[in-house]
2 protein chains.
Amino acid sequence: MSDSPTNTLISWVEIPKASDFTIYNLPFGIFRNKKLSPRIGIAIGDKIVDLSVLDQEGFFANLFLPEGIFLKDSLNELIALGKIQTKKIRDRVQALLLADNGELRDHSARGKVMVTRKEAEMLMPVKIGDYTDFYSSMEHASNLGKMFRDPENALLPNWKHLPVGYHGRASSIVVSGTPIHRPKGQIKDPNSDIPTFGTTRKLDFELEMAFITGKQTKLGDSVSTADAEDYIFGFVLFNDWSARDIQAWEYVPLGPFLGKSFGSSISPWVVTLEALEPFRTASPVQEPEVLEYLKCASDHSFDINLEVYLQPDEKKATKISSANYKAMYWNVAQQLAHHTVNGCNINVGDIMASGTISGTTEDSFGSMIELSWNGSRAVELAEGGERTFVEDGDKVIMKGYAEKDGIRVGFGEVSGQILPAKTL
Amino acid sequence: MSDSPTNTLISWVEIPKASDFTIYNLPFGIFRNKKLSPRIGIAIGDKIVDLSVLDQEGFFANLFLPEGIFLKDSLNELIALGKIQTKKIRDRVQALLLADNGELRDHSARGKVMVTRKEAEMLMPVKIGDYTDFYSSMEHASNLGKMFRDPENALLPNWKHLPVGYHGRASSIVVSGTPIHRPKGQIKDPNSDIPTFGTTRKLDFELEMAFITGKQTKLGDSVSTADAEDYIFGFVLFNDWSARDIQAWEYVPLGPFLGKSFGSSISPWVVTLEALEPFRTASPVQEPEVLEYLKCASDHSFDINLEVYLQPDEKKATKISSANYKAMYWNVAQQLAHHTVNGCNINVGDIMASGTISGTTEDSFGSMIELSWNGSRAVELAEGGERTFVEDGDKVIMKGYAEKDGIRVGFGEVSGQILPAKTL
């Protein structure tokens, strides 16, 4: 049903206006509350459908699911059942939530099934295998090239030939709402020959989307762009926190390391590829032509509006950026095809992030280093004050949603507050 | 007992001369054979002690271990019990194997406990969380700097101030004996402006040691050099296979990616830190002085002899390199302290590799790119033929052992054969 955007679907669940979690969305997540162990739910409006209770009550009897499949602290085993099964589960939940379906609406277990979202604690949706971060926004890569290399040759020679990416730290990826301590490390002042040790003075965020893999490959095998989406379960919002001064000193020649690994944040609800289907769109034209294994016969981009808010401690949030995911030069099929072309194997629960998403205008840049042009122009905040980088107590909130023909499918948010550095 | 190298320990198990697996070593690994599910064993001579059978027979009764702790397909849960427990297990096994101890020697279950090593299949010893690769040999970093940058300034400015490292791909780390297909990817000829797609023409190995973490930290916390070894369970040999032409084109600015992620190989037996204690030694003097958090009050290097053999298909192996782990500029305590100084958390089963280990002489370089000086001088093989890089059918075998006062503690080997590239 979710791929029929022209039929209006109405649910018996009250869905607030502009809710991200409409009947068309139905993302998967892991939640618990005071009384409950971690389990799998689907978000709808201000509620969570507790799939474990639905299962216990026999609502999935026809699907022959493994026992206890929803009483897990990650989505990995569920996702590993394959898209045919997870789509059936989602379709069944969608059917149960339709206004004219009384099965759940009039069932005695309805109260146990429908959990109030505000009362639930959201946990990491997946146990991450490997985490890869790409660098797929031409605007972002160009901005950094202009700032730190050569304004006339902002992009490096390889950038338009392959989706540049690197391996990131999986252990420090945390769910939205988890505070992050300002990291310490080595920083070298441009006027000094030697580094000093201290807390970062250039703490930044990076606005990204990430996809979660739902199917594994064997070592030595490759995935084509045509097959790539079979391996993608869904998407989350991703904040790749960065310490620019630590990064600048360490990253040559082996890439970012401690300037990134102190923490990354993801949104808790995994929006499935099926839910994003109505928002599929073309990617930018690629010139020069890419090599054969990177060519795509169909569209693999998605029209998703993205926003970044900065909220100083106990003050109002200011929207500091608006961008769109569809502007990315390299799409997810190309990212996955490139990642596996050398035979690198993927597992269920790997996470592959887009890299910072920046648009062409100054108010659409996806990081503070771009918004403040490396600290040279401050971003003004709603209740006074300004920022060149993120300060202690600041909360960074990213939101994302797709909207078309009256259908809205959103990601909720990924937020994180920066706490002062811990003492050694 | 293992820290009293001057007492000669004799086992009732016959231990071949020059065996790596003496009564002083007793490394942990995961094995199975035709009849058995994966389980934890300790190597001694040509045998494996099946710890799960020892446990079932009550030999660990005083240790109050969790039920079935040895019937696992990884060491992670065992390691997570902590060093006090794993040391007690190893000490107990060592006591049971001593010549004058009849408990196991004369026990009716002895035949079931003692498995013939040749008949067992070795599996990956740990489920790897994150994998980090350092770049800690000054000779290796200098050699690459001389080849590709500036012979007069071979080391980059940050190299002597911090142990340079990067995140690697964990999913493609395989156990010794697993063949690796020659990877495909983008390669740019120096005389061309654009890349082509093909199989690597510069397939290489990297001789490395790696440590496996045995204790987790919380996000935001750091580990000091003084405490670092509490977090290290043991060591393995590590071959970081590399495709130099793919790597050269992709690695600026975010570091190695597909040039590495097609496979890395590790030896199956994890040699504990306790077993390496007699071989502890000083690291090279560091000049300039390092920052406070990288200073060490004691020695954290180990005198381990390393050898690399190249064996063409169905021919004799040739020793092509001999190096020593103790030459590394940055030691394991510094690597771990640096890795966590920004608050990056570690988990049980993380693997941190040293980077290529090269000595000062041409026959002690730890990679083909150094041994053949980027293909400009061929390495001669025992039965004729020569190599500048690794060819299809070649097996690369790395061995490592420590020896002192008649005590030998070895790692066995990590080997892997290169198969032709798979077709797309």
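Chain identifiers are assigned alphabetically (A, B, ...) following the order of the sequence lines, protein sequences preceding nucleic acid strands; residue numbering begins at 1 within each chain.
Ranking A170(A), S171(A), P183(A) against chain B, the residue ahead of the rest is S171(A), based on heavy-atom pairs under 4.5 Å. Counting heavy-atom pairs closer than 4.5 Å to chain B, the top residue among S261(A), S172(A), A243(A), G255(A) is S261(A). In terms of heavy-atom pairs under 4.5 Å with chain A, the best-connected choice from V174(B), D130(B), I128(B) is D130(B). Ranked by heavy-atom pairs under 4.5 Å with chain B, the first of K260(A), E292(A), H161(A) is H161(A). Chain B forms more heavy-atom pairs under 4.5 Å with one residue of I246(A), L419(A), V252(A), V164(A) than with any other, namely V252(A). When each of G165(B), G343(B), A141(B) is checked for heavy-atom pairs under 4.5 Å with chain A, G165(B) comes out on top. Most heavy-atom pairs under 4.5 Å with chain A: of the set K127(B), Q186(B), H181(B), Q216(B), this distinction falls to Q186(B).
Taking 4.5 Å as the limit, every side-chain heavy atom of D133(A) sits out of range of all side-chain heavy atoms of H167(B). Considering only heavy atoms from C-beta on, K184(B) stays 4.5 Å or farther from Y293(A) through its side chain.
If you measure heavy-atom distances from P157(B) to chain A, the contacts under 4.5 Å come from both the backbone and the side chain. In this structure, the portions of I346(A) lying under 4.5 Å from any heavy atom of chain B include both its backbone and its side chain. Looking at I173(A), neither its backbone nor its side chain comes within 4.5 Å of chain B, counting heavy atoms on both sides.
L258(B) contributes atom CG, which lies 4.0 Å from atom NE2 of H338(A) (distance to the nearest 0.5 angstrom). Here the CG atom belonging to D221(A) is positioned 3.5 Å from the NZ atom belonging to K422(B), to the nearest 0.5 angstrom.
Interface residues of residues 142-150 of chain A toward chain B, defined by a heavy-atom distance below 4.5 Å and sorted by number: R149(A).
Between the side chain of R169(B) and the backbone N or O of T132(A) there is no donor-acceptor pair closer than 3.5 Å.
Of all the heavy atoms in W249(B) and L162(A), the pair that sits closest is NE1-CD2, 3.5 Å. Across Y135(B) and P253(A), no two heavy atoms sit closer than the pair CE2-CG, 4.3 Å.
At most 12 heavy atoms of other shown residues, nucleotides or ligands fall within 6.0 angstrom of atom CD in E77(A).
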